[in-house]
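Computed from a predicted structure; not experimentally measured. First the proteins, then the strands, lettered A, B, ... as listed; each starts at 1.
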Protein chains: 2
Amino acid sequence: MYRQHANLSLDAASQVWQQASAEIVRSGQLDGLIAIERIGTRMRFFRDQEIYAEGDQGTCWFKVISGTVRISKLLADGRRHITEFCFAGDSFGFDAFEERVFSAEAVTDATVLRLPRGATERLIEEDPVFARHLRGEMLRSLDAAQHRLFLLGRMTACERVAAFLVELSERHDTRHRVDLPMSRCDIADHLGLTVETVCRVLSDFKRRRLIAAPNAHRMEFLDREALTAIAEH
Amino acid sequence: MYRQHANLSLDAASQVWQQASAEIVRSGQLDGLIAIERIGTRMRFFRDQEIYAEGDQGTCWFKVISGTVRISKLLADGRRHITEFCFAGDSFGFDAFEERVFSAEAVTDATVLRLPRGATERLIEEDPVFARHLRGEMLRSLDAAQHRLFLLGRMTACERVAAFLVELSERHDTRHRVDLPMSRCDIADHLGLTVETVCRVLSDFKRRRLIAAPNAHRMEFLDREALTAIAEH
DNA sequence: CGCCAGTTTGACCAAGATCAACGCAAGTGG
DNA sequence: CCACTTGCGTTGATCTTGGTCAAACTGGCG
């Protein structure tokens with residue numbers, strides 16, 4: 001098990017970045033939080049490019065502006081786990097005290113806002129609204145992680161995949177379909193399954209007419225109720 | 001699978017609690033944080049007693065003074081998952097925005113400090129040292145949860161049990177042994193396994209002379225290196 | 001002493017992993 | 001423009017880990 005994952009292009013020079021000072025971030029969750037725009041740097045990453053690696057100094061955190069990012073941990077023997085996928089508006093990277101224990105990579109081409117820790121701490125101390133916002137983000141992450149613990153610890157392959165599809169469609173606010181920008185391998189590593197099992201479950205859902213798949217990365221819900229029922233058992 | 005769990009004695013009247021105003025909390029991690037003593041209420045809970053339930057209003061968070069607490073989620077069909085065990089010095093219960101999604105129960109008789117949210121927010125705003133401490137606690141929780149994600153998603157039964165033993169002994173700073181105040185069922189529900197599997201793995205470790213068990217709730221390490229190696233694979 | 005809850009062990013079973021092959025579309029080079 | 005490659009995705013056959021079911025054991029307690 002645990003075959004090759006897409007190999008990263010480590011060409012750091014390809015990062016196109018620029019001060020985001022004057023720009024206005026188009027992302028729902030950023031409304032009214034122009035403060036972080038002032039202390040952040042906008043960066044672009046290409047597909048499969050590394051944003052930070054395990055072992056890096058964790059001197060900043062990030063906010064996704066567009067695209068998809070995966071947070072993962074890789075073991076020497078090839079086992080990988082993706083703790084979360086981040087989409088526009090999601091924050092990531094405030095997990096580390098010192099060294100990063102996880103790495104972050106772009107799943108698709110992505111733009112992120114990079115926020116240095118020092119400036120953030122200063123902002124926390126002088127802006128209670130921002131401080132509360134950040135605390136909220138951390139709580140949300142914690143909450144998400146704990147739901148995932150249940151999923152990994154106590155749910156079957158079918159339930160995991162159904163829950164994943166429903167969760168993604170809710171996060172993207174699309175009730176009738178869901179886009180899966182990541183590979184089957186990414187999904188498997190997120191759900192604690194193998195690629196084959198993910199495929200088989202999806203095929204099973206198609207056979208049972210719960211979903212339809214115009215292509216491998218777009219799923220349309222034919223029976224959302226049933227899917228939700230499976231997800232919540 | 002998923003048989004009966006210890007049934008809770010819901011006798012709320014049996015809670016013995018008292019203002020902790022003048023008392024000094026004996027717990028390493030509380031050093032220099034007398035501030036929270038002032039806003040907290042000390043409470044005692046007996047074995048298996050509920051501290052809060054799923055669906056309660058999350059108007060406060062807690063800090064364990066002595067004893068062991070488990071944070072868990074129970075599904076209608078009996079499947080349960082224990083997200084974490086908390087020992088003296090650990091904080092818990094700041095996961096909720098509104099309603100609690102998890103419940104907390106005493107694993108052994110336990111004393112906890114109950115901290116109302118309102119007073120905490122005020123303290124956060126006037127005491128930056130305390131604010132930073134609390135942020136640290138949250139990050140620690142997040143970090144722990146993410147390690148557990150890997151454990152549940154990608155580790156074998158042996159690796160999970162070994163990791164659990166090593167982790168507990170590290171948290172209690174006892175290199176040669178570890179106390180397991182919780183039942184095998186609790187351990188299983190924490191590691192995403194069944195009671196039987198936990199037993200079998202422990203028996204296997206005994207047979208391989210990695211551990212010895214004077215009784216069911218005390219394990220002595222005979223070969224800590226090997227155990228750590230299994231845990232980290 | 002007998003009961004009860006929790007723990008342990010064994011026999012058997014099934015969900016999901018592994019191994020292997022094939023399909024399919026996009027990209028590459030002759 | 002078309003063979004060839006390469007990276008995913010899908011499917012089938014087989015195997016293994018850990019779950020299920022059942023029974024025995026253990027220690028504490030009325």
(Q) Could you tell me how far apart A:Met182 (CE) and D:dC8 (P) are, to the nearest whole angstrom? (A) 15 Å

Q.
Is the phosphate of C:dT8 approached by B:Arg184 (side-chain N or O, under 4.0 Å from OP1 or OP2)?
A. yes

**Q.** B:Ser91 side chain to B:Glu137 side chain, donor-acceptor N/O pair below 3.5 angstrom
**A.** yes

Q: Rounded off to whole Å, could you give me the CE-to-C1' distance for the A:Met219 and D:dG9 pair?
A: 10 Å

(Q) Please report the distance, rounded to the nearest Å, between CG in B:Leu180 and P in C:dG6. (A) 16 Å

**Q.** Interatomic distance, B:Arg154 CZ vs D:dT17 C1' [rounded to whole Å]
**A.** 15 Å

Q) Are the aromatic rings of A:Phe92 and A:Phe102 close, with centres under 6.0 Å apart? A) no

**Q.** Side chain of A:Ser183 (C-beta onward), nearest among D:dG18, D:dG9, C:dG16
**A.** D:dG9

**Q.** Proximity to DNA chain D (any heavy atom under 4.0 Å), residues of residues 202-216 of chain A only
**A.** A:Ser203, A:Lys206

Q.
Is any side-chain heavy atom of B:His81 closer than 4.5 Å to one of B:Leu152?
A. yes

Q) For the pair made of CG in B:Asp48 and C1' in C:dG6, what is the distance, rounded to whole Å? A) 12 Å

Q.
With heavy-atom distances below 4.5 Å as the criterion, would you say the side chains of A:Asp186 and A:Arg80 are in contact?
A. yes

Q | Residue-phosphate contact under 4.0 Å: B:Thr194 side-chain N/O, D:dG18 OP1/OP2 | A | no

Q.
Starting the side chain at C-beta, find the nucleotide from C:dT7, D:dG19, D:dC8 nearest to B:Leu193.
A. D:dG19

**Q.** Nearest-neighbour nucleotide for the B:Glu196 side chain, D:dC21, D:dG19, C:dT8 considered
**A.** D:dC21

Could you give the side-chain donor-acceptor pairs of residues 217-228 of chain A under 3.5 Å, partners two or more places apart or in another chain?
from, atom 1, to, atom 2, distance (Å)
A:His217, ND1, A:Leu180, O, 2.7
A:His217, ND1, A:Met182, O, 3.3
A:Arg218, NE, A:Asp179, OD1, 2.8
A:Arg218, NH2, A:Asp179, OD1, 3.2
A:Arg218, NH2, A:Asp179, OD2, 3.4
A:Asp223, OD1, A:Glu225, N, 3.4
A:Asp223, OD1, A:Ala226, N, 3.1
A:Arg224, NE, A:Arg175, O, 2.9
A:Arg224, NH2, A:Ser169, OG, 2.4
A:Thr228, OG1, A:Arg224, O, 2.6

(Q) Given D:dT11, C:dT9, C:dT7, identify the nucleotide with an atom nearest to the side chain of B:His217. (A) C:dT7

(Q) Of the options D:dC8, D:dT11, D:dG19, whose atoms approach the side-chain atoms of A:Arg200 most closely? (A) D:dT11

Q | d(CG, A:Leu152; C1', D:dG18) in whole Å | A | 17 Å

Q) Do B:Arg160 and D:dG18 have a side chain to base donor-acceptor pair shorter than 3.5 Å? A) no

Q: Please determine, for the side chain of B:Cys199, which listed nucleotide (C:dT9, C:dG16, D:dG9) has the closest atom?
A: C:dT9

Q. Taking B:Asp90 as the fixed residue, which of B:Arg140, B:Arg70, B:Arg171 is the one that meets the salt bridge (Lys or Arg N to Asp or Glu O under 4.0 Å) rule?
A. B:Arg171

Q: List in chain and number order the residues that pass side chain to side chain donor-acceptor pair (under 3.5 Å) with B:Thr68, two or more places apart in sequence or in another chain; answer none if no residue qualifies.
A: none

